[in-house]
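Each remark here refers to the structure printed beneath this line.
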Amino acid sequence: MKFFVDSAELPEIQKLNAMGLVDGVTTNPSLIYKSGRDFLEVIRDIAAVVPGPISAEVTAEDHPTMMREAEKLVTLGKNIVIKVPLTVDGLMTCRRLRQDHIPVNVTLCFSLNQALLAAKAGASYISPFVGRLDDQGQDGMGLIQDIRDMYDNYGFETEILAASIRHTDHVRRASLIGADVVTCPPSIFYQLFTHSLTEKGLAAFRDDWAKTGQRVV
Ligand code: E4P
């Protein structure tokens, strides 16, 4: 399973990328707003730091303008993935971009039928928003499982990118289901490393080692 970082904060992305565990980055207009930075500049900067796929989302809602935006966004780096919303115009844009072999991430997916349409439009990635479904009492991870089953039924190559991740159990369950990618906010990325028994065990080893009075280096 690939790990993407769901952020537009360059310092955070750089820090995580230095660990060698970041396969790509996802952004959206809300994350760009939070960063307080210029959209095109921040995408260019991220694409220069992380060699993997960087999702940059179109902001227009009509197909012709989405295409114009996409044409500009792809110039920001060799690894840009155009993110389009799951709408009629979004999927028209997806199909058109895929004809030109431009990778596309279809976002704001909340149902199996939407995921089916995105795959038929040739999406490189489908982004089901797990947390936002959970927030309204629906089963976000159930949707990931359903999409996995349906894509496997037909051999669709669209990668399932589990998004709107709220806690580490979403990551655990996505990995068991076989999601291709999980995109995590930096805070959740760090939580994946932690376990109380790891901390407790490390403290015990530290104490006992100190008692030996030895040094390795
Ligand atoms: C995915 O690409 C989106 O940027 C993101 O996961 C949305 O998550 P949110 O529901 O926490 O805003």
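Whatever order the structure lists them in is the order used to number ligands and atoms, beginning at 1.
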Which of the atoms in ligand 1, numbered in the order shown and given with their element, are less than 4.0 Å from a heavy-atom of Thr26? 2 (O)

Ligand 1 to Ala163, heavy atom cutoff 4.0 Å, flagged ligand atoms 1 (C), 6 (O)

Closest approach of any protein heavy atom to atom 2 (O) of ligand 1, naming residue and atom: Lys83 NZ, 2.6 Å

Atom 11 (O) of ligand 1: the protein heavy-atom neighbour that sits closest, reported with distance to 0.1 Å: Arg166 NH1, 2.9 Å

What protein heavy atom sits nearest atom 4 (O) of ligand 1, and how far off is it? Asn28 ND2, 2.7 Å

the protein heavy atom lying closest to atom 8 (O) of ligand 1 turns out to be Ser164 CA, 3.3 Å

Evaluate the ring planes of Phe193 and Phe189, with Trp represented by its six-membered ring, and classify them as parallel (under 30°), tilted (30 to 60°) or perpendicular (over 60°). tilted

Nearest non-hydrogen protein atom to atom 7 (C) of ligand 1, with distance, is Phe129 CE2, 3.5 Å

Give every residue pair that meets the side chain to side chain donor-acceptor pair (under 3.5 Å) criterion with at least one member in residues 142-155, sequence neighbours excluded. Gln145-Asp149, Arg148-Asp152, Arg148-Asp180

Knowing that exactly one of Cys94, Ser55, Pro103, Pro53 qualifies, which makes a side chain to side chain contact (heavy atoms under 4.5 Å, CB included) with Ser124? Pro103

Please round to the nearest 0.5 Å and tell me the distance separating atom OG of Ser111 and atom CG of Leu86. 7.5 Å

Within-4.5 Å side-chain heavy-atom neighbours: Asn105 and Leu161: yes

Is any N or O atom of Asp6, backbone or side chain, closer than 3.5 Å to an N or O atom of ligand 1? yes

So the salt bridge (Lys or Arg N to Asp or Glu O under 4.0 Å) pairs with at least one residue in residues 93-107 (sequence neighbours excluded) are Arg96-Asp100

Quick test: of every protein heavy atom, which one is nearest to atom 12 (O) of ligand 1, and how far off is it to 0.1 Å? Arg132 NH2, 2.8 Å

NZ/NE/NH1/NH2 to OD/OE distance under 4.0 Å, Lys211 and Asp208: yes

